[in-house]
There are 2 protein chains.
Amino acid sequence: MIETGAEPESRAERKLRTRRAILDATLELCSDSSLTALSLRQVAKQVGIVPTAFYRHFDSIESLGLALVEESFDSLRDLFRDVRRNAEADKDIVDGSIDALVDHVHRRRNHFGFIARERVAGPRSVREAIQREIELCERELATDLARMAGTATWTAKDLHVLSSLFVTVLVATAEQILSTSHPEQERQIVATVRTQLRMLLIGVYQWQSEG
Amino acid sequence: MIETGAEPESRAERKLRTRRAILDATLELCSDSSLTALSLRQVAKQVGIVPTAFYRHFDSIESLGLALVEESFDSLRDLFRDVRRNAEADKDIVDGSIDALVDHVHRRRNHFGFIARERVAGPRSVREAIQREIELCERELATDLARMAGTATWTAKDLHVLSSLFVTVLVATAEQILSTSHPEQERQIVATVRTQLRMLLIGVYQWQSEG
DNA sequence: CCTTTCAGTGAACATCTGTACACCGACAAC
DNA sequence: GTTGTCGGTGTACAGATGTTCACTGAAAGG
């Protein structure tokens with residue numbers, strides 16, 4: 001090698017870099033199929049390490065999956081933060097939220113795809129971890145909704161019911177965006193969910209919680 | 001054998017029976033994981049035939065998957081038929097639909113689970129087939145909605161937008177029911193979707209399509 | 001009766017799988 | 001400068017994988 005731009009790495013840094021490479025390779029490899037169909041050797045080959053070296057970082061594909069769940073939900077929390085920011089600015093709540101969703105799905109395509117897939121098709125422990133995280137998101141969103149106009153008289157239960165519906169629509173929309181590569185089709189999807197949320201909001205403004 | 005209750009089968013009957021056994025074994029085996037993680041040999045072993053005999057019925061796991069998509073959507077169309085029947089009777093449209101959904105998900109647990117999983121995690125051709133079928137369902141439901149009270153002035157587009165939202169909620173609910181085995185939790189899920197649909201319906205009754 | 005058809009068999013193959021083990025060599029700690 | 005730590009290597013093995021091929025034997029058809 002004539003010149004490597006790389007500065008000298010400490011051992012810890014190097015290990016972290018390999019770990020990152022494993023995580024990235026896994027997201028890449030299971031971007032169509034599933035963790036359960038992924039072999040340790042495929043990952044190792046993609047990373048450029050020998051199969052046994054995998055064990056220096058994770059003790060199974062399953063625990064690798066759990067690490068990816070955490071990482072992916074960091075992406076999702078970023079999305080929530082942006083939705084909240086858009087809402088606090090003067091932006092329309094529907095358009096602002098959808099813009100943030102589309103933007104994040106594109107930027108973290110692999111993370112959102114990972115959640116969508118492993119949520120239903122992953123190893124049991126991974127599915128459960130994702131379910132827990134989604135419930136956290138629903139609770140978080142519910143407290144945001146409590147501050148929204150028109151929900152002053154709502155029960156906590158109704159707030160959570162609404163929050164869960166929003167999350168469902170959000171997840172479904174993300175899945176649809178992920179499954180197309182045509183910008184025209186994507187605009188269609190966005191227009192659809194825009195109308196859906198507006199229909200829903202009309203109901204929300206009229207809703208009266210009953211004991 | 002002392003006595004087999006089986007009457008003599010024609011060759012065609014016997015072949016059909018093995019085919020059925022393959023389909024059932026596959027639904028069973030991938031009931032947690034995914035088609036993409038399923039091997040031809042596992043299926044053969046479960047059925048009790050030799051691996052190569054599989055090829056007498058399907059030429060790959062993928063085409064097996066396509067057959068299961070058709071079969072599973074027959075179950076889903078049965079559900080639609082019952083929803084419609086409940087609606088035509090005097091039953092409340094929300095409760096009637098949810099009852100039908102819960103009932104069908106329980107009776108055809110494997111079919112609904114198969115759709116839920118392979119929709120996002122299956123082989124490409126299977127995913128596409130499921131997507132097509134779901135769009136058919138949405139169109140079908142849209143024409144039903146057109147006959148519903150309060151949608152007389154709606155555009156075709158808005159009808160489809162609403163239909164797609166219903167299907168999204170339906171799919172999500174089915175997924176949730178499938179992922180729990182506690183009757184108490186299931187009652188919770190049902191109560192939640194019941195409220196969600198009522199919120200949504202309020203919006204629907206107020207909605208005015210704009211050119 | 002004889003012949004054809006064909007679902008299912010069984011052996012063989014090259015390839016891929018997870019994991020065990022002994023090993024290396026560069027960094028870290030003393 | 002010696003020693004220990006620890007990512008990463010290479011070899012090895014038993015088992016699973018998809019697919020091939022020549023086969024069997026009973027039902028179907030003449």
Side-chain angles (χ1 to χ4, degrees), chain A residues 1 4-26 28-30 32-68 121-126, chain B residues 1 4-26 28-30 32-68 121-126:
Chain A
M1 287 193 226
T4 84
E7 34 252 64
E9 285 175 310
S10 77
R11 201 131 75 158
E13 286 170 336
R14 179 144 202 103
K15 176 165 189 182
L16 214 67
R17 212 161 61 98
T18 306
R19 185 189 151 96
R20 249 281 39 94
I22 293 179
L23 293 169
D24 289 340
T26 305
E28 186 73 29
L29 283 172
C30 75
D32 59 4
S33 90
S34 156
L35 260 192
T36 52
L38 191 63
S39 80
L40 179 157
R41 284 177 115 103
Q42 284 173 54
V43 176
K45 180 180 284 181
Q46 174 89 359
V47 173
I49 58 176
V50 97
T52 45
F54 176 92
Y55 292 110
R56 303 287 182 203
H57 302 272
F58 302 97
D59 53 71
S60 66
I61 291 282
E62 196 168 315
S63 68
L64 203 193
L66 292 175
L68 281 172
R124 177 178 301 277
S125 65
V126 172
Chain B
M1 287 192 234
T4 83
E7 34 253 65
E9 286 175 311
S10 79
R11 201 132 77 158
E13 286 171 336
R14 178 144 202 104
K15 177 164 189 183
L16 214 66
R17 212 162 59 97
T18 305
R19 186 189 150 95
R20 244 295 25 102
I22 292 178
L23 293 169
D24 290 340
T26 305
E28 185 73 26
L29 283 171
C30 74
D32 58 3
S33 90
S34 158
L35 261 192
T36 52
L38 190 63
S39 80
L40 180 157
R41 285 177 114 104
Q42 285 173 52
V43 176
K45 179 179 287 184
Q46 173 89 1
V47 174
I49 57 176
V50 97
T52 45
F54 177 92
Y55 293 110
R56 301 288 181 200
H57 303 271
F58 303 97
D59 54 70
S60 66
I61 291 281
E62 195 167 316
S63 68
L64 203 194
L66 292 175
L68 281 172
R124 176 178 303 277
S125 65
V126 171

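So that the names make sense, note that chain A is the first sequence line, chain B the second, and so on, each numbered from 1.
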Under 4.5 Å between any side-chain heavy atoms of [X] and [Y], yes or no?
X: A/V43; Y: A/I61; value: yes
X: B/L16; Y: B/R20; value: no
X: A/R14; Y: A/R11; value: no
X: A/L38; Y: A/S33; value: no

Please walk me through it: do A/E62 and A/R124 pass side-chain contact (heavy atoms from CB on, under 4.5 Å)? CA-CA 9 Å; A/E62 196 168 315; A/R124 177 178 301 277; over 6 Å; no

Please lay out, stage by stage, how B/S125 and B/L66 fare under the test side-chain contact (heavy atoms from CB on, under 4.5 Å). CA-CA 8 Å; B/S125 65; B/L66 292 175; 4.2 Å; yes

Given [options], which nucleotide is nearest the side-chain atoms of [X]?
X: B/Q42; options: C/dT17, D/dT17, D/dT19; answer: D/dT17
X: A/A53; options: C/dT5, C/dC27, D/dT9; answer: D/dT9
X: A/R41; options: D/dG10, D/dA12, C/dA12; answer: D/dA12
X: B/I49; options: C/dT9, D/dG4, D/dG10; answer: C/dT9

With a 4.0 Å limit, can you tell me whether B/S39 has a side-chain N or O closer than that to the phosphate oxygens OP1/OP2 of D/dT17? yes

Nearest whole Å is fine: how far is [N] [atom2] from [X] [atom1]?
X: B/Q46; N: D/dT17; atom1: CD; atom2: P; value: 13 Å
X: A/E9; N: C/dA28; atom1: CD; atom2: C1'; value: 16 Å
X: B/R17; N: C/dG8; atom1: CZ; atom2: C1'; value: 13 Å
X: B/L40; N: D/dT17; atom1: CG; atom2: P; value: 9 Å
X: A/F54; N: C/dC21; atom1: CZ; atom2: C1'; value: 19 Å
X: A/K15; N: C/dA26; atom1: NZ; atom2: C1'; value: 16 Å
X: A/R14; N: C/dA28; atom1: CZ; atom2: C1'; value: 16 Å
X: B/E13; N: D/dA27; atom1: CD; atom2: P; value: 12 Å

Using the closest heavy atom to pick a nucleotide of DNA chain C for each, name whichever of B/R11 or B/P51 lands nearer the 5' end. B/R11

Output the residues of residues 55-67 of chain B in contact with DNA chain C, where contact means a heavy atom of the residue under 4.0 Å from an atom of the strand; sort by number or write none. B/R56, B/H57

Go through the N and O atoms of the side chain of A/T18 and the base of D/dG8, and report whether any donor-acceptor pair is under 3.5 Å. no

Between C/dG10 and B/T52, counting only base atoms on the nucleotide and side-chain atoms on the residue, is there a donor-acceptor pair under 3.5 Å? yes

Is there a side-chain contact (heavy atoms from CB on, under 4.5 Å) between A/D32 and B/T36 once you walk through the steps? CA-CA 10 Å; A/D32 59 4; B/T36 52; over 6 Å; no

